[in-house]
Amino acid sequence: MAVLVTGGAGYIGSHMVLTLLEAGHEVVVLDNLSNASQESLRRVELLAGKAPVFIKGDIRDRHCLDALFAEHSISDVLHFAGLKSVGESVAEPLRYYENNVAGSLTLCQAMAAAGVYRLVFSSSATVYGDGHPMPIHEGLPTGRPANPYGHSKLMVEDVLRDLAKADEHWSIALLRYFNPVGAHESGRIGEDPNGIPNNLVPFIAQVAVGRRDTLSVFGNDYPTPDGTGVRDYIHVMDLVDGHLAAMQVLTSQRGVSTWNLGTGRGYSVLEMIKAFETVSGQHVSYKVADRREGDVAECWADPTLARQELGWEAMRGLEEMLADTWRWQQANPQGYSD
Ligand code: NAD
Ligand code: UDP
């Protein structure tokens with residue numbers, strides 16, 4: 001039996017594939033390479049000493065999915081494929097809903113037709129919306145996400161909840177990620193954003209390596225200790241370990257389960273800059289800019305449920321997250337195109 005990883009050539013997916021191969025799983029990757037390079041999987045192969053099966057294809061392509069499930073005996077699907085740029089989703093909502101929502105529907109239809117019912121979905125803390133007291137736990141109601149990207153995640157969650165209610169074969173994990181950062185400790189695979197990074201840590205890393213001049217800090221007048229936004233950053237290797245734990249638990253439970261994947265600790269933008277400077281020995285130039293639309297002041301997880309039900313918790317601290325980011329960035333200043 002093999003594990004299907006959709007979006008397995010991307011940032012989180014490639015780290016997942018490596019972890020799965022190292023844990024002895026057979027892996028099939030389906031990725032349309034819309035936001036990734038196959039170089040990530042070549043490096044995964046070098047690190048793991050074995051390769052996943054790679055299929056260049058799209059989750060919206062039912063024929064491709066049917067052929068994949070007919071050819072490979074799949075036990076679990078880890079569904080990372082999706083578009084993830086908040087700004088792009090505001091400009092191109094149809095493309096985002098089509099890719100993320102319609103793509104997930106097609107994937108589920110093909111899974112049901114093939115009799116594959118174990119699914120782990122990459123959701124996001126953005127589904128909680130604004131206005132909750134911190135830390136955020138899974139019992140809180142979902143809110144109204146501030147943009148089509150976040151909304152697409154909530155829509156897929158809703159569909160999966162309905163699906164599991166209607167058909168008791170399904171075992172589904174909704175994993176709500178907080179802020180994944182970092183890279184594999186080898187520095188061979190990592191996050192390689194297209195164009196100007198939207199996210200804080202890749203942007204800081206590109207300033208530190210000299211690829212960009214100055215970081216804009218989006219607002220310093222939030223009601224937080226230093227006025228800048230606070231987030232729960234989680235090492236990508238901890239995040240993928242959380243998926244392994246969820247896969248294991250799904251083998252003995254039906255229905256839908258929702259787990260936060262975060263550390264339970266928040267850091268401000270200024271704390272992140274300072275910590276990165278310490279780890280890298282580089283100066284990170286920044287200027288304070290206006291708030292970014294749709295940003296919340298603070299967001300961090302209550303990770304208790306995952307600890308209790310998955311036996312999982314994040315093990316890696318901020319220094320390790322940023323040291324691993326820096327190792328990857330230094331060795332690959334232009335990402336996979338180096
Ligand atoms: P990524 O862009 O690096 O990876 C996504 C992968 O999916 C890419 O390789 C892309 O080529 C592929 N893909 C996109 N649409 C596809 C389609 N229609 N068919 C096949 N492949 C397709 O992103 P990531 O950071 O690795 O994120 C993985 C998942 O986790 C996404 O669903 C994302 O929304 C979710 N997530 C990410 C974060 C984050 O901060 N990185 C936070 C919360 C949730
Ligand atoms: N941020 C920033 N400058 C940037 C990118 C992000 O000040 O160039 C801030 C942002 O306002 C937020 C934090 O860094 O407070 C994390 O932002 P990111 O986009 O990485 O994650 P998300 O908004 O999804 O939590």
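What you are looking at is a predicted structure, and each value in this text was computed from that prediction instead of being measured. When a residue number appears, it is its place in the shown sequence, counting from 1.
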Undergrad: Check whether Ser89 reaches the backbone of Pro93 with its side chain - one donor and one acceptor, N or O, closer than 3.5 Å.
TA: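 Pair absent, no side-chain N/O of Ser89 close to backbone of Pro93.
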Undergrad: Taking atom types as modelled, find out whether Asp61 and His63 have a side-chain donor-acceptor pair closer than 3.5 angstrom.
TA: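 There is no such pair (donor and acceptor under 3.5 Å, judged by atom type) between the side chains of Asp61 and His63.
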Undergrad: Could you tell me whether a side-chain N or O of Asn100 sits under 3.5 Å from a main-chain N or O of Leu83, the two making a donor and an acceptor?
TA: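 Looks like yes, one N/O pair under 3.5 Å.
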Undergrad: Looking just at side-chain N and O atoms, do Gln253 and Ser257 make a donor-acceptor pair shorter than 3.5 Å?
TA: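 Yes, because at least one side-chain N or O of Gln253 sits under 3.5 Å from a partner of the opposite role on Ser257.
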Undergrad: Taking Thr6 for its side chain and Ala81 for its backbone only, find out whether a donor-acceptor pair lies under 3.5 Å.
TA: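 Yes; at least one donor-acceptor contact below 3.5 Å.
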Undergrad: To the nearest 0.5 angstrom, please state how far the CG atom of Leu261 sits from the OG atom of Ser124.
TA: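 One finds 11.0 Å between CG of Leu261 and OG of Ser124.
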Undergrad: Under 3.5 Å, is there a donor-acceptor pair linking the side chains of Lys153 and Thr126?
TA: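 Lys153 vs Thr126: no donor-acceptor pair found between side chains.
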Undergrad: Would you call Arg161 and Glu157 a salt bridge, taking side-chain N to carboxylate O under 4.0 Å as the test?
TA: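 A salt bridge links Arg161 with Glu157.
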Undergrad: Please check if any side-chain donor atom of Asp226 sits under 3.5 Å from a side-chain acceptor atom of Ser268, or the reverse.
TA: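 Yes.
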Undergrad: Go through Arg176 and Glu138 one step at a time and tell me if the salt bridge (charged side-chain N to carboxylate O under 4.0 Å, His left out) criterion holds.
TA: CA-CA 9 Å; Arg176 293 180 176 160; Glu138 296 85 344; over 6 Å; no
Undergrad: Once rounded to the nearest 0.5 Å, what's the spacing between atom CG of Asn99 and atom CG of Asp58?
TA: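 Asn99 atom CG to Asp58 atom CG measures 6.5 Å (nearest 0.5 Å).
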Undergrad: Parallel, tilted or perpendicular: which fits the ring planes of Phe121 and His79, with parallel below 30° and perpendicular above 60°?
TA: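 Taking His79 first and then Phe121, their aromatic rings sit tilted (interplane angle of 30° to 60°).
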Undergrad: Identify the heavy atoms of Val236 and Tyr11 that sit nearest to each other, and give their distance.
TA: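 Shortest heavy-atom contact: CB-OH, 3.6 Å.
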Undergrad: Where the side chain of Gln329 meets the backbone of Pro333, is there a donor-acceptor pair that is under 3.5 Å apart?
TA: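 Confirmed, Gln329 side chain pairs with Pro333 backbone.
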Undergrad: Using distance alone, with no hydrogens and no angle criterion, decide if Asp324 and His184 have a side-chain donor and acceptor under 3.5 Å apart.
TA: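 No.
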Undergrad: So, taking the atom named OG in Ser73 and the one named CD in Glu71, what distance separates them when rounded to the nearest 0.5 Å?
TA: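 So the gap between those two atoms works out to 11.5 Å.
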Undergrad: Quick check on Gln282: does its CD atom have over 12 non-hydrogen neighbours (other residues, nucleotides or ligands) under 6.0 Å away?
TA: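 Check passes, neighbour count above 12.
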Undergrad: What heavy-atom pair brings Asn194 and Ser34 nearest, and what distance separates the two atoms?
TA: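 Distance-wise, the nearest heavy atoms are ND2-O, 4.4 Å.
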Undergrad: Ignoring hydrogens and angles, tell me if any N or O in the side chain of Trp312 forms a donor-acceptor pair with the backbone of Asp238 under 3.5 Å.
TA: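 Judged by distance alone, yes, a pair lies under 3.5 Å.
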Undergrad: Rounded at 0.5 Å granularity, tell me how far OG in Ser123 sits from CG in Leu174.
TA: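 Ser123 atom OG to Leu174 atom CG measures 6.5 Å (nearest 0.5 Å).
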Undergrad: Report yes or no: do Met16 and Leu119 belong to one cluster of Ile/Leu/Val/Met/Phe/Trp/Tyr joined by side chain heavy-atom distances under 4.5 Å?
TA: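 Each belongs to a different hydrophobic cluster.
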Undergrad: For the CD atom on Glu319, are there more than 12 heavy atoms of other groups (residues, nucleotides or ligands in this structure) within a distance under 6.0 Å?
TA: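 Open.
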Undergrad: Tell me whether Phe218 is reachable from Val269 by hopping between hydrophobic residues (I, L, V, M, F, W, Y) whose side-chain heavy atoms are closer than 4.5 Å.
TA: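 Each belongs to a different hydrophobic cluster.
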Undergrad: Are Asp232 and Asn179 close enough that a side-chain donor and a side-chain acceptor fall under 3.5 Å?
TA: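 No, Asn179 and Asp232 have no side-chain donor paired with an acceptor closer than 3.5 Å.
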Undergrad: Does a side chain donor of either Asn260 or Tyr128 reach within less than 3.5 Å of an acceptor in the other side chain?
TA: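 A donor-acceptor contact under 3.5 Å links the two side chains.
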Undergrad: Quick check: closest heavy atoms across Ser285 and Thr214, and the distance to 0.1 Å?
TA: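 Shortest heavy-atom contact: OG-OG1, 3.3 Å.
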Undergrad: Same hydrophobic cluster for Leu175 and Val17, using side-chain heavy-atom links shorter than 4.5 Å among ILVMFWY?
TA: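 Yes, because Leu175 and Val17 connect within a single hydrophobic cluster, where side-chain heavy atoms sit under 4.5 Å apart.
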Undergrad: Please answer: with hydrophobic residues joined when any side-chain heavy atoms are less than 4.5 Å apart, are Leu41 and Ile59 in the same cluster?
TA: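 No.
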Undergrad: With rounding to the nearest 0.5 angstrom, report the CZ to CG distance, Phe276 to Leu200.
TA: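 Answer rounded to 0.5 Å: 10.0 Å.
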Undergrad: Assess whether a salt bridge exists between Arg291 and Asp295, defined as any Lys/Arg side-chain N lying under 4.0 Å from an Asp/Glu carboxylate O.
TA: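 No, Arg291 and Asp295 are not salt-bridged.
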Undergrad: Is the count of non-hydrogen atoms from other residues, nucleotides or ligands lying under 6.0 Å from Lys56 atom NZ greater than 12?
TA: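 Counting other residues, nucleotides and ligands, NZ of Lys56 stays at 12 neighbours or fewer.
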Undergrad: Could you tell me whether the side chains of His283 and Glu277 share a donor-acceptor contact shorter than 3.5 Å?
TA: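 On atom types as modelled, these side chains qualify, holding a pair under 3.5 Å.
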Undergrad: Does Asn199 reach the main-chain N or O of Val201 with its side chain, forming a donor-acceptor pair under 3.5 Å?
TA: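 It does not hold such a pair.
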Undergrad: Answer with yes or no whether the side chains of Trp259 and Glu309 bring together a donor and an acceptor at under 3.5 Å.
TA: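 Result is yes, a qualifying pair exists.
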Undergrad: Is any NZ, NE, NH1 or NH2 atom of the basic residue among Glu298 and Arg231 found under 4.0 Å from an Asp or Glu carboxylate oxygen of the other?
TA: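 Salt bridge: no.
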Undergrad: In Å and rounded to the nearest 0.5 Å, what is the OH to CD distance from Tyr117 to Glu168?
TA: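 The distance works out to 10.5 Å.
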Undergrad: Are Ile12 and Val240 side-chain neighbours, meaning at least one heavy-atom pair lies under 4.5 Å?
TA: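 The answer is yes; the side chains approach within 4.5 Å.
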Undergrad: Check whether the side chains of His151 and Tyr96 place a donor and an acceptor atom closer than 3.5 Å, and report yes or no.
TA: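 Side-chain D/A pair, His151 to Tyr96: absent.
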Undergrad: Between His243 and Phe80, does the ring centroid distance fall short of 6.0 Å?
TA: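 Yes; Phe80 has its ring centre under 6.0 Å from that of His243.
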Undergrad: Give a yes or no on whether the backbone of Pro141 and the side-chain of His132 come within a donor-acceptor separation of less than 3.5 Å.
TA: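 Confirmed, His132 side chain pairs with Pro141 backbone.
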Undergrad: Verify the distance criterion only: is there a donor paired with an acceptor across the side chains of Tyr177 and Ser122 at less than 3.5 Å?
TA: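 Yes, a side-chain donor-acceptor pair sits under 3.5 Å.
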Undergrad: For a quick check under 3.5 Å, do Tyr233 and Arg265 share a side-chain donor-acceptor pair by atom type?
TA: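 There is no such pair (donor and acceptor under 3.5 Å, judged by atom type) between the side chains of Tyr233 and Arg265.
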Undergrad: Answer yes or no: does atom CD of Glu293 have more than 12 heavy-atom neighbours from other residues, nucleotides or ligands under 6.0 Å?
TA: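 For Glu293, atom CD is not crowded (no more than 12 foreign heavy atoms under 6.0 Å).
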Undergrad: Applying side-chain contact (heavy atoms from CB on, under 4.5 Å) to Leu4 and Leu78, what does each step give before you reach the verdict?
TA: CA-CA 6 Å; Leu4 171 62; Leu78 304 185; over 6 Å; no
Undergrad: Are Leu244 and Leu20 side-chain neighbours, meaning at least one heavy-atom pair lies under 4.5 Å?
TA: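 Counting from C-beta outward, Leu244 and Leu20 do come under 4.5 Å.
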Undergrad: Any side-chain heavy atom of Leu154 sitting closer than 4.5 Å to one from Asp158?
TA: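 Yes; the side chains approach each other to less than 4.5 Å.
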Undergrad: I'd like to know whether Lys274 forms a side-chain contact (heavy atoms from CB on, under 4.5 Å) with Val284, so could you lay out the CA-CA distance, the side-chain angles of the two residues, the decisive distance to 0.1 Å, and finally the verdict.
TA: CA-CA 8 Å; Lys274 207 167 177 353; Val284 175; over 6 Å; no
Undergrad: So does Arg42 pair up with Glu39, basic N to acidic O under 4.0 Å?
TA: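 Counted as a salt bridge, because a side-chain N and a carboxylate O are separated by less than 4.0 Å.
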Undergrad: Does a donor on one side chain sit under 3.5 Å from an acceptor on the other, for Arg327 and Asn332?
TA: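 On atom types as modelled, these side chains do not qualify, holding no pair under 3.5 Å.
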Undergrad: Ignoring hydrogens, what is the shortest heavy-atom contact between Cys108 and Leu160? Give both atom names and the distance.
TA: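 The answer is SG-CD2, 3.6 Å.
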Undergrad: Of the non-hydrogen atoms in Pro202 and Glu191, which two are nearest, and what is the gap between them?
TA: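 Closest approach of Pro202 to Glu191, heavy atoms only: CG-OE1, 3.4 Å.
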Undergrad: Does Arg60 reach the main-chain N or O of Gly103 with its side chain, forming a donor-acceptor pair under 3.5 Å?
TA: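 Between the backbone of Gly103 and the side chain of Arg60 there is no qualifying donor-acceptor contact (under 3.5 Å).
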Undergrad: Start with the C-alpha gap between Val77 and Val116, add the side-chain angles, then the distance that decides, and say whether side-chain contact (heavy atoms from CB on, under 4.5 Å) holds.
TA: CA-CA 8 Å; Val77 177; Val116 178; 4.1 Å; yes
Undergrad: Going by an N to O cut-off under 4.0 Å, is there a salt bridge joining Arg316 and Asp241?
TA: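 Salt bridge between Arg316 and Asp241, a charged N being under 4.0 Å from a carboxylate O: yes.
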Undergrad: Please assess Arg43 against Tyr336 for the test side-chain contact (heavy atoms from CB on, under 4.5 Å), listing each intermediate value before the final yes or no.
TA: CA-CA 10 Å; Arg43 296 192 186 185; Tyr336 288 116; 3.9 Å; yes
Undergrad: Just checking, is any N or O donor in the side chain of His137 or Thr304 under 3.5 Å from an acceptor N or O on the other one?
TA: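 The criterion, which ignores hydrogens and geometry beyond distance, is not satisfied for Thr304 and His137.
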Undergrad: Side-chain heavy atoms under 4.5 angstrom apart, residues restricted to Ile, Leu, Val, Met, Phe, Trp, Tyr: same cluster for Val120 and Leu305?
TA: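 Same cluster: Val120 reaches Leu305 through Ile, Leu, Val, Met, Phe, Trp or Tyr contacts under 4.5 Å.
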Undergrad: Is the closest side-chain heavy-atom distance between Cys299 and Phe178 below 4.5 Å?
TA: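 They are in side-chain contact.
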Undergrad: Closest heavy-atom contact between Cys64 and Ile55?
TA: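 Here Cys64 and Ile55 meet closest at SG-CG2, 4.4 Å.
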